[in-house]
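Heads up, the thing below is written out as structure tokens.
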Amino acid sequence: MRKNKSQSMVGKMCKDSSERILYTFANEDTYLEKLVDFISKGLVQGEYVLIVESRRNIPLLRCKLESILNEEEQSRVQFVNNYDYFFLNGSLHPSAIYNYFASLIGSLKGEENNFRTWMHVEWGHEQELISQIEEFEANTDEMTAGTGITSVYAYNSEWLSRDLKTMLQECHTHHVTDWNFLNHTQA
């Protein structure tokens, strides 16, 4: 089991080796601000950015990014609908998600550049999915270990039971919230 810790500088984590950051958010506006900041910081570091996001947020993000990024920077940001990503075969299949993720990061690796990922995770009824979530997290951890990829997995804190939150904290290298993500990224 990994030791879960909250870091003082999310930006520093993004420069180190592979990081799997659990972000539990409570405020949607703060969430979007942190996502735009994560994208911007990655681009400044010369990284490509893969965003797995909800259909309702993708247009908002594109609009925000168009106002602050040039065309070349925008071309280094790839969006994938999170419902399509997680439920590729009509229901949650960790092996299918793993393969899809492998193909996405494989295409980014082909660019011979570093990249980072952000996944807005919205599950259905968690009790039915807990074993599949554990399998998904284990597969993703195995795939990203030692790659230098920084991945943020964002969950709405209101939708997490205590058991699921505990399990997720055990699967990630770091845990941040609206409050400490905001404070630490400004350092």
Check your understanding: Heavy atoms, side chains only, cut-off 4.5 Å: are K34 and F25 in contact?
Key -> no
Review point. Can you list the residues that meet the salt bridge (charged side-chain N to carboxylate O under 4.0 Å, His left out) rule with E72, with sequence neighbours excluded?
Key: R76
Check your understanding: For the side chain of T173 and the backbone of R20, is there at least one donor-acceptor N/O pair under 3.5 Å apart?
Key -> yes
Point to revise | Heavy-atom check, side chain of D37 versus side chain of E33, under 4.5 Å | key: no
**Study point:** Side chain proximity check, M119 to S151, heavy atoms < 4.5 angstrom
**Key:** no
Check your understanding: Donor-acceptor pair, Q74 side chain versus L69 backbone, under 3.5 Å?
Key -> yes
Check your understanding: Just wondering, do N57 and H120 contact through their side chains at under 4.5 Å, heavy atoms?
Key -> yes
Point to revise | Under 3.5 Å donor-acceptor, E66 side chain and C63 backbone | key: no
Study note, to complete from the structure: Output for pair (T24 OG1, N180 CG), nearest 0.5 Å, gives 8.0 Å
**Study point:** From CD1 (I51) to CG (L35), nearest 0.5 Å
**Key:** 5.0 Å
**Study point:** Minimum heavy-atom distance between N81 and Y83, given as atom pair plus value
**Key:** OD1-N, 2.8 Å
Point to revise | Test side-chain contact (heavy atoms from CB on, under 4.5 Å) applied to Y85 and L50, step by step | key: CA-CA 12 Å; Y85 180 85; L50 172 63; 5.8 Å; no
Exercise for review: Look at the side chain of R116 and the backbone N and O of F38, then say whether any donor-acceptor pair between them is shorter than 3.5 Å.
Suggested key: yes
**Study point:** I21 and T150, any side-chain heavy atoms less than 4.5 Å apart
**Key:** yes
Revision key, fill the gap. Closest non-hydrogen atoms of H172 and L168, given as atom of the first, atom of the second and distance, are ND1-O, 2.6 Å
Practice item. Just jot down the side-chain contact (heavy atoms from CB on, under 4.5 Å) partners of S40, sequence neighbours excluded, or say none. Key: V36, I68
**Study point:** Euclidean distance, E53 CD relative to L61 CG, rounded to 0.5 Å
**Key:** 5.5 Å
Review point. Can you find a heavy atom in the side chain of D178 that is under 4.5 Å from one in the side chain of Y23?
Key: yes
Practice item. Find the distance between CG (L164) and OH (Y155) and round it off to the nearest 0.5 Å. Key: 6.5 Å
Check your understanding: Out of curiosity, N27 CG to T177 OG1, how far, rounded to the nearest 0.5 Å?
Key -> 11.5 Å
Review point. Given side chains that start at C-beta, do those of N156 and E122 come closer than 4.5 Å, heavy atoms only?
Key: no
